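Below, chains carry the letters A, B, ... as their sequence lines are ordered, and counting in each starts from 1. A quick note: this is a predicted structure, and the numbers were derived from the prediction, not measured.
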Protein chains: 2
Amino acid sequence: MDRIGKNMRLTNQRQVILEELQKVASHPTASEVYDMVRKRLPRIGLGTVYRNLELLADHRIITKLEMGGEQKRFDGNATNHYHIRCLHCGRVDDIELSRMAGIEERAASCTAYEIVDHHIQFSGICDNCKREKM
Amino acid sequence: MDRIGKNMRLTNQRQVILEELQKVASHPTASEVYDMVRKRLPRIGLGTVYRNLELLADHRIITKLEMGGEQKRFDGNATNHYHIRCLHCGRVDDIELSRMAGIEERAASCTAYEIVDHHIQFSGICDNCKREKM
DNA sequence: CTCAGTGCAAACGATTTGCAGGGCC
DNA sequence: GGCCCTGCAAATCGTTTGCACTGAG
């Protein structure tokens, strides 16, 4: 069986979770992933889904998003990019804006922190919710 | 008694919560606020603290921060500014970087969302944690 | 055989809520 | 008197974890 890292096998459950996550453009919550995966693996446990999403995120194969809202969301795309969240329905989408150059350096000059990363999150009203309001 | 808004009184509990929150530069969690407030109002309930922090945030008197990590944090400063979180100890500080001009307009040009706001969060290692590592 | 991985259910921690009592207007 | 607000405790919700079992190497 394939391996993801040292002491980590690419099990069927992991593969299905990864495939389902990368198949969608949305940024599903753990239980949404659970629902998607359960169609192919009806006996999978929610705990397994959580454990593997965490593991895949640790290995930088997917990204864990901690935006506002109650639940964490997962992004099948591991490249660092910005996001926007709908204030009305909670949905999260990518923003295809190139990463701000030099912003971390500028921030570094006004803090004692050693800066590691940055993330920009926009908030607004998505197209669906805009229409509903009319 | 003073009022904060329509149908909302500035009760003693609310005033103490607000004062304690605005007194500190840190961005305490709800239970940290609870501990701070309890020194002055020993019989206050945790539910009251949660309810009032939420209410004050709704009225834009304070800010609710939903950064990574498990607990939400509260900022006695209602003006919109950027933050940095320590990846090691979880502490959150302000970043005195002026707001990026035009970034929302640029984002608007590549999404169907109606953009309302944006927030930049940096992550890194705070001064204390840097020293501990040495 | 060993040990990582799993399903299941119970545990956990942060937050919310129902309710009965209390106090301002 | 009405209604906002509170303290308290129980409930809720997302997430984590302990455990016994399974299966790959």
* Going 5' to 3' through nucleotides 14-25 of chain D, assign each nucleotide B (protein heavy atom under 4.0 Å from a base atom), S (under 4.0 Å only from sugar-phosphate atoms) or - (no protein heavy atom that close). => SBBBB----B-S

* **Flag, side chain of A:E66 to backbone of B:G69, donor-acceptor distance under 3.5 Å** => yes

Could you give the [atom1]-to-[atom2] distance, from [X] to [N], as a whole number of Å?
X	N	atom1	atom2	answer
B:Y34	C:dA14	OH	C1'	14 Å
B:D58	C:dT16	CG	P	11 Å
B:L55	C:dT16	CG	P	12 Å
B:N52	C:dT15	CG	P	15 Å
B:H59	D:dC4	NE2	C1'	12 Å
B:E32	C:dA14	CD	C1'	13 Å

* **Cationic N near anionic O, under 4.0 Å, B:R51 to B:E54** => no

* Residues in contact with DNA chain D, drawn from residues 10-24 of chain B - heavy-atom cutoff 4.0 Å -> B:T11, B:Q13, B:R14

* To do: For a side chain to side chain donor-acceptor pair (under 3.5 Å) with A:Y82, tell me which candidate from A:E96, A:Q121, A:H118, A:H119 qualifies.
  =>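 The single option meeting the side chain to side chain donor-acceptor pair (under 3.5 Å) with A:Y82 is A:H118.
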
* Asked: Is any side-chain heavy atom of A:R40 less than 4.5 Å from a side-chain heavy atom of A:E20?
  -> yes

* Asked: Is there side-chain contact between A:E32 and A:T29, with at least one heavy-atom pair below 4.5 Å?
  ->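 Yes, side chains in contact.
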
* **Aromatic centroids of B:Y113 and A:H88 separated by under 6.0 Å** => no

* Does the side chain of B:D75 come under 3.5 Å of the side chain of B:H83 through a donor N or O and an acceptor N or O? ->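 Yes - a donor-acceptor pair under 3.5 Å links their side chains.
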
* Asked: What pairs with B:D58 under salt bridge (Lys or Arg N to Asp or Glu O under 4.0 Å), at least two apart in sequence or on another chain?
  -> none

